[in-house]
Every structure is written in C-alpha cells, then in structure tokens.
Participant: 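Here it is, the structure in full.
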There are 2 protein chains.
Amino acid sequence: MDHRAGMPADEEVVAELGSKVTMEFKHQATVTLAEVAEAAGVGESTVSRVLRNHGSFSGKTRDRVMAAVERLGYVPNRIAGTLASTGSRLVAFVIPSLSNIVFPDVLRGASAVLEENRYQAVFSVTDYDPEKEEALAAAMLAWRPAAVMLAGYEHTEGTVKMLRASGCRIVELLDVDGDALDISVGFSNRAAGRDSAAFLLKRGYRRIGYVGHDLNRDTRAGKRFSGFCETLGAHDAPLADHEILAGASSVENGRLGLEQLLARTPGLEAVYFSNDDMALGGYFHCLARGISIPSQLAIFGYNGLDIGRATPQPLSTIRTPRVATGQMAAQLVVANAPPQVVDLGFELIEGATA
Amino acid sequence: MDHRAGMPADEEVVAELGSKVTMEFKHQATVTLAEVAEAAGVGESTVSRVLRNHGSFSGKTRDRVMAAVERLGYVPNRIAGTLASTGSRLVAFVIPSLSNIVFPDVLRGASAVLEENRYQAVFSVTDYDPEKEEALAAAMLAWRPAAVMLAGYEHTEGTVKMLRASGCRIVELLDVDGDALDISVGFSNRAAGRDSAAFLLKRGYRRIGYVGHDLNRDTRAGKRFSGFCETLGAHDAPLADHEILAGASSVENGRLGLEQLLARTPGLEAVYFSNDDMALGGYFHCLARGISIPSQLAIFGYNGLDIGRATPQPLSTIRTPRVATGQMAAQLVVANAPPQVVDLGFELIEGATA
DNA sequence: TACAAAATTGGTAGCGCTGCCAAAAAAATC
DNA sequence: GATTTTTTTGGCAGCGCTACCAATTTTGTA
C-alpha cells in the first residue's frame, strides 16, 4: 500500500543509527511477587491471593500487600501467571484483513467485551490466504489462547486438524453457511445474496448485473453472489452480466467495475455490488456521468456502512451486525459456552438507490 | 501433569451442559518438549536448539527431532519459552479507536512487519480516554511486551511513570509535535493544519470555517485545528466560524456540522474539516443541496482516504502515511533502534473540492 | 475453659521452556 | 596413533507465578 514515505527511508534510518546505539534497552530489573511478599512481610501465596482476589485473607493483610505493591510499583507478570495456572486469558484473532472495515468492527465489538473480562486480544492478518492462515493459526496456538477466532468456514485441512488438536475454543465468524468446528457467530451470506436479489426483483428490475472483487479469496462474498444468482435464476431473470475485479474491494474498483460493465452490457437496470465500498464507487460513477439513480440504474450494496447513509441518496444495502458478531463471539468464549451456531441475521435497508 | 482436568469450574460447566455437550472442552493433554525429546531419543535442550535453529546440532539429529515433532503434532509453548528467556516477542498496541480508520491502518502496517519477524501483536482500545489508556497500558505491561505503542504524546502522569519504569520500548505514534518518551513515529499535525490553511489562502479563500469532532479527546485533531487557525490569523483572515460536534468523527456528523455552520454563518467560502470522514459528509451535504463545489463552497479534509479519490470530485485533503507509520514503528522495535523521532511527513492533495 | 470449626496463612512443587555448563563425540592436527 | 580442537549433546537450575496442602490463628460452641 503506502510504502511511499516509508520503505527506502526506513532502512537508512535504522542503519544510520545502528552505530551510535547504547542500549538502555535491556530489561530493567522488574519487581517480582516474591519481593512484594517480603516487603509486605507475608508469604508469596498470600500476595497472589490478594492480587487475584481469590481465596481468603484478612483486610489488614490486604492493606499491607496493596501498600507494598504500590510502593514497589509491582506489575504482575501474566506470562508467569498463565504458565502456572489453568487456562490463559488470551484470545487470538486470525483475520483476513484490516482494510476491510468488517474486521476492525468485529475486533471492536470483541475487544470491548474481552477487556471487561480481563482477557487480552492478540491478532494477525492473513490477507485472505488460507496457507497464511494456517501458518498464523499455528503461531497463535503457541500462545495457548483460550480461543481462536477465524473468519468463516473455509480453512485448510492442516488448519482444521491443528485447531482441533489444540483443545482451545474455536470461533468461526461472519458466516453460518457451513459446518462449524465449535462455536460460530454470524449470519447467512447466502441468504443475504438471495434477499438482495428478491428485493431487486420485487422492485421490478430484470436486467441485473454484478460487480465484485476477488471471490476465491473472499468466500463469503462468493456465497452472497451464489445466493444472488440462485434467486435471480429461480425468477427467470438470470444474471445479465458480471464484472469481477482482481484486487481487494475498494471504492475505486467499484467505480471501475461499473464503468466496464456498463460499457459491455448496455441496458442494465440494476447492479449488485459485492459490498458497500464497491457500491459507493458505482454510485460515484453514476453521479459523475449523470446517470440518474435509480431510474436509469439501480445500485445495491452489502454491509450497511455509515457512509452509505449519508450520501445524497442513502444506499440500498444490507446491514450486517459486525460489532455484535464480535461481542457475541467474545461473550460465548468468556462464558465457555457449549458449541453452537449463532445466527445474528441482517437487515435489508431499502435506501434510495434501488 | 495436567491438574486442569479436575478444576471445579470445568466440572460445573461440563455438568450443566452435560446433556447436549460432548466436551472438547477440557484442555487437551498437550505435547511438551520433553515428550518430543523422549520420542526423538535426544535431550530436551537439543530439541529446543533444533526448533529455534539456534546453537549447533547435526543434520541427523535435526531430522529425528523434526520427525518426532511432526508425528506428535508438537506446538511449542511460547508462554513457557518467553518466561524462560529474556525479552518477549510481544508488541502491545494501546489505541484510541478501531472505528477511525487511522488505527487499523497503523496496525496493518505494523502487523505485516511484526509477523515477518515472528513478533506477536496484542492490542486494546481506549476510546480516547486517558484514564482508560492508563489502565490498559498497565494490563499490557503485565504481558512484558518488547514494546508498547500508543497514540500521540498526551498521556496521564501515571501512564508515563509506569511506562518509564517498565523498561520496555515505548513508541508514540502519529504525532511529532511534543516530547517523545522514547521512539516516536508520525508527522506533524500542527504543520498539516498550517499547510491546509496556507493552501486555502493561496487559492484565494478568505471567509473560512471549521467543522470538527471532539477535540479534547482527539488531541491530534486539536493540534491541526490550532495550526490551521494560527496560519489564518497570520494572514489576517481569522477563522470565520467553527462547529464542533460532540461525538466521534463520522460522515453523518460532517454533514450535520456543515449544515449548522452554513445556517449560522452565511457567506463562508471554504470549510476545513477535522478529517476526511467529516469532509465527505460536508461534500454530500453540498451535493444534496445543490451547493456548487468549489465555486460556492470549498471543502478541505484530512487523511487522504481512498474514498476521497473516487468521489465525482476528488477531495482536497492531506494524505498521511498511516500504514508507513505502523511499518516504521515496527521496524524500529524489531531492530531495537535507539530513541528517536521519525517524521514521515504528509502530502497535500489538491483535489477538486478546494 | 476446652474443644471443634472456620478463616488465614506459608511452604513448595511444578507449569514448559531456555541458558549455562560440562561431558561426549567427531574432526583436525602433529 | 595420540592429542588438540571443534562440534554436538544432555543435565539441570531457574524464569515468576499458581495450586495444593498443611500449619496456624481466629472464631464459635458446649
């Protein structure tokens, strides 16, 4: 992406400064629980109990311990604590992307719940690459997390085997069209596609096209597309044409895709986009070209981004519970709930573009 | 031995849900390094050396060890490894928000670099609350990270004290207007504000307004605003009016803010927005009301979001190196570079809205 | 007052791994 | 072939904490 400002300069900076480094960087002698115990004049286990507010101890002891903690600036070592105790309070997210707003939204919902429960979120990004997902999942398991959260159901055999063997909870997010390994929280992408098609048909559009981004990688977008086509087909209005762009979903790609689609297939009445980013690109294309919406061309998106509600004509789309998905997933993990599939559903927003 | 299996809590859960759950719940007996060593017929330290590719060992031994690892499905325990060795490979991010695209972008840049170097990112979200930042920073330090990354320079005294005492690297991101605690990577928000003002003045706009979101919390936006006003003042064109909206920055708020500003102060020639989200809201407002841009009203944003480049008129704004900021920050941490401030600069995009 | 029950405490064995050191094996040298 | 040197190895003491257990103190009861 944006390497402009960084890369070449980065190397220089690092190299340049390498020589004049003296490290005040080594770890400082940190205070340990044993030192706190000594300072407070109590046993180690007592300090441990007080700090975790677990087991019993007198008020007097608690005060003494807390005073010592304060005085020494003690920060418990969770690494040691986790190793010594039962399960960890780490939750690992292995997500396809941080550019697609969907995933920050999920993280946002989840992290709020996790923080409240003193869990810690760790994450890594796969770029929609199943092999990379496998490698990163393996790396995450090395931290012995309480749960691993992944996007969707499509994983390599190796990933599945590894996760199964790990014994930690597995949460598959943002999809319910498939077989869950353990817990799954999301909504039906296929149904979203079908409902979108049904809506367009109900509005009377018949010559309908599709503009999307790489479907092999984003399998959930693929499921929407397939549901969409299915319903069109069932109503004798098969997809008129489609344009799939190579890169990731983006506003620019949506614009480009629509331009190409319209050039190739005149007379389209409506276009379904793989998501709101793409749809907004299409919308802007129409604005720029003076194509009147929805009379000349209807536009339908997916996701229900805020921005789509603030455009001159609100975008017709499907709003997905992204934050809620994260919240629910986190809650189930924290509660150590039994395996289950939670379908949070979605909401069709009529908008003004279709 | 695995004393987890007998935990009261586990039993309860299992009992409660016993009817419909078969428990892949309890922690599975995980393979340990000692078991691998035994299976491979070598010592523990040999396995450790092979797996970390550190120290010396024969090819034959390596093969034996790897075979055993494969066979047993061994996943090293990084918790134990980190505790035993000096210095962790965790990097902690304490960020204000995941809604503001800035932070996912920074995370994206950083996580790519961190993953390459086998570091692990952990994060938590402060909601722009300094108190919460302090609490979360404390929680992160408990994981003994190699570095803590924070947004900007404004932290509570407690946070600063704690970070200083921790002995881990501290990276302050997205700002260079202030005194760095250790490493700092970003760009000057004040200069961005000044340049924006200078640009608008150069274009001949004199009656200029501002629409922004909560400045107390987002201090970087505050610095831009202050730089902006400074330059306007220096050119005898003091800010005509401003509208500050309570909530977070959003497209909707930008729209609302502009509407209110225009109602109150007719005759404005240009409006500066606290960022591109807000600016797009303003842009849409103008589109909807038939206000011609930039002849009737000029619009200027901040951030250089992709979407601003795909609107019918490209947004005039300042593009910030967000991903590069994350990359650079991660590189410096990985390289254990000396304390320094890295100013990555920004780029003014003329666009068509101002 | 004596004795049982309950509430507090401290000691200590690991958790699974790494780092150090010395021992053993292999390679190199005379 | 004997001796050095180098390369490979294994043993084991922690890393800082928690869980278990037993010891101690406090409280309650007869």
Side-chain angles (χ1 to χ4, degrees), chain A residues 26-65 69 72 74-90 141-144 166-167, chain B residues 1-11 27-65 69 72 74-90 141-144 166-167:
Chain A
K26 54 175 183 294
H27 274 261
Q28 232 156 290
T30 47
V31 183
T32 67
L33 184 144
E35 298 177 79
V36 174
E38 166 133 46
V42 301
E44 292 185 36
S45 29
T46 302
V47 176
S48 176
R49 272 184 300 248
V50 170
L51 286 163
R52 285 177 300 145
N53 192 30
H54 179 277
S56 69
F57 45 82
S58 68
K60 204 186 312 167
T61 308
R62 188 196 53 233
D63 294 344
R64 277 235 302 270
V65 169
V69 165
L72 301 179
Y74 172 67
V75 178
N77 184 333
R78 287 256 242 163
I79 300 274
T82 302
L83 180 60
S85 70
T86 309
S88 85
R89 281 183 177 254
L90 284 172
L141 287 178
W143 290 100
R144 298 295 187 269
S166 76
Chain B
M1 273 284 80
D2 195 343
H3 41 259
R4 304 161 205 180
M7 287 280 298
D10 281 354
E11 308 237 335
H27 276 260
Q28 230 156 292
T30 47
V31 183
T32 68
L33 185 142
E35 299 177 79
V36 174
E38 165 132 47
V42 300
E44 292 185 37
S45 30
T46 302
V47 176
S48 176
R49 274 183 300 250
V50 169
L51 284 160
R52 285 178 300 147
N53 193 30
H54 178 279
S56 69
F57 44 83
S58 69
K60 205 186 312 167
T61 312
R62 188 196 54 233
D63 295 343
R64 276 235 302 270
V65 169
V69 164
L72 301 178
Y74 172 65
V75 177
N77 184 333
R78 287 258 243 164
I79 301 273
T82 303
L83 179 61
S85 68
T86 53
S88 83
R89 281 182 176 254
L90 283 172
L141 287 177
W143 290 100
R144 298 293 187 271
S166 76

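From a predicted model like this one, the values you see are computed outputs, not experimental measurements.
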Participant: 5'-most contact on DNA chain C: B/R78 or B/K60, nearest heavy atom basis?
Facilitator: B/R78
Participant: Protein within reach of the bases, or only the backbone? For nucleotides 19-24 of chain C, mark each nucleotide 5' to 3' as B, S or -, using heavy atoms under 4.0 Å.
Facilitator: B-----
Participant: Applying side chain to side chain contact (heavy atoms under 4.5 Å, CB included) to A/V42 and A/F57, what does each step give before you reach the verdict?
Facilitator: CA-CA 11 Å; A/V42 301; A/F57 45 82; over 6 Å; no
Participant: What's the OH-P distance between B/Y74 and C/dG16, to the nearest Å?
Facilitator: 10 Å
Participant: Classify the nucleic acid contact of B/G41 as base, sugar-phosphate or nothing, counting any heavy atom under 4.0 Å across all strands shown.
Facilitator: sugar-phosphate
Participant: Looking at every heavy atom in both B/R64 and B/G41, which two are closest together, and how far apart are they?
Facilitator: NH2-O, 3.5 Å
Participant: Tell me: CG of A/N77 to P of D/dC15, nearest whole Å?
Facilitator: 12 Å
Participant: Over how many whole Å does the gap from B/W143 atom CH2 to D/dC15 atom C1' extend?
Facilitator: 15 Å
Participant: What nucleotide among C/dG16, D/dT9, C/dT9 has an atom nearest to a side-chain atom of A/L83?
Facilitator: C/dG16
Participant: In whole angstrom, give the distance that lies between atom CZ of A/R144 and atom C1' of D/dC17.
Facilitator: 18 Å
Participant: Starting from C1' on C/dG11, measure out to CG on A/L33 and report it in whole angstrom.
Facilitator: 14 Å
Participant: Could you tell me how far apart B/I79 (CD1) and D/dC15 (C1') are, to the nearest whole angstrom?
Facilitator: 13 Å
Participant: If the cut-off is 4.0 Å, is B/S56 near the phosphate of D/dT7, judged by side-chain N/O to OP1 or OP2?
Facilitator: no
Participant: A/E35 CD to D/dC15 P: how many Å, rounded?
Facilitator: 11 Å
Participant: Measure from CG on B/L141 to C1' on D/dG16 and round the result to the nearest Å.
Facilitator: 16 Å
Participant: With a cut-off of 6.0 Å (strictly less than), are more than 12 heavy atoms of other residues, nucleotides or ligands near CD of B/E38?
Facilitator: no
Participant: Which heavy atom of B/V65 sits nearest to which heavy atom of B/V36, and what is that distance?
Facilitator: O-CG1, 4.4 Å
Participant: Mapping B/A80 and B/S58 to their closest nucleotides on DNA chain D, which lands nearer the 5' end?
Facilitator: B/S58
Participant: Quick check: closest heavy atoms across B/A39 and B/L72, and the distance to 0.1 Å?
Facilitator: CB-CD1, 3.9 Å
Participant: Are A/T82 and A/R144 side-chain neighbours, meaning at least one heavy-atom pair lies under 4.5 Å?
Facilitator: no
Participant: Is a donor from one side chain sitting under 3.5 angstrom from an acceptor on the other, for A/R49 and A/T46?
Facilitator: yes
Participant: Which part of the nucleic acid, if any, lies within reach of A/T61 when heavy atoms closer than 4.0 Å are counted: base, sugar-phosphate only, or nothing?
Facilitator: sugar-phosphate
